[in-house]
Amino acid sequence: MVQAQRKPTSVGDVLLYEYLEPTGLRINDLADMLQVHRNTVSKLLNNNSKLTTDMAFRLAKVFDTSVEFWLNLQTNVDIWEIQNDPRTQEEISRIVTLREMLERKTRAA
């Protein structure tokens, strides 16, 4: 099992604390800049939706960053959530590897 670490910073937290608060932007402002509905931005800020590749491109353009910056933030959170979800870890532990499957087939033949 993976040693518990703090959850990585989410896209929503980076947007809020690194971009919106310091610049005084509001959700509606960012939504207009991104050409999306304000609910889309609100869900992202409140961590109620995951970052899409399309949104990563939009954020990269608005804030003059790389697409990878935004996608890496989301990927880090996704990986942490899987590694720290006991149910998912239990399911993963039951997955049969290719090697195991081939060995079973060889023994059965």
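In what follows, residues are counted from 1 in the order of the sequence shown. Predicted model, so just to flag it, every value in this text is computed and none were measured.
Applying the side chain to side chain donor-acceptor pair (under 3.5 Å) rule to E21 yields no partners; only residues at least two apart in sequence or on another chain are considered. Legend: residues meeting side chain to side chain donor-acceptor pair (under 3.5 Å) with D85, ordered by chain and number and at least two apart, are T88. Scanning for ring-ring contact (aromatic ring centres under 6.0 Å, His included) contacts around F69 gives an empty result, with sequence neighbours left out. Remark: D54 pairs with R58 by the side chain to side chain donor-acceptor pair (under 3.5 Å) rule, at least two apart or across chains. Partners of N47 under the side chain to side chain donor-acceptor pair (under 3.5 Å) rule, at least two apart in sequence or in another chain, are S10.
A continuous path of hydrophobic side-chain contacts links L71 to V41 [ILVMFWY only; heavy atoms under 4.5 Å].
With values rounded to the nearest 0.5 angstrom, T97 atom OG1 is found 9.0 Å from M101 atom CE. In this structure, the separation between CD on Q83 and CG on D78 is 11.0 Å, given to the nearest 0.5 Å. One finds the OG1 atom of T65 at 12.0 Å from the CD atom of E18 (value rounded to the nearest 0.5 Å).
In this structure, the side chain of D13 does not engage the main chain of T9 through any donor-acceptor pair within 3.5 Å. For W80 (side chain) and Q5 (main-chain N/O), a donor-acceptor pair under 3.5 Å exists by modelled atom type. Of the possible donor and acceptor atoms, one in the side chain of T23 sits under 3.5 Å from a partner among the backbone N and O of Y19.
Salt-bridge formation is detected for the pair R94/E90: a Lys NZ or Arg NE/NH1/NH2 atom is positioned less than 4.0 Å from an Asp or Glu carboxylate oxygen.
Considering every non-hydrogen atom in both F63 and L15, the closest pair reads CE1-CD2, 3.6 Å. Nearest heavy atoms, L51 versus Q74: N-OE1, 3.0 Å.
Using a 4.5 Å heavy-atom cutoff, the side chains of W70 and V14 are in contact.
Residue I95 belongs to a hydrophobic cluster whose other members are I82, I92, with links defined by side-chain heavy atoms closer than 4.5 Å.
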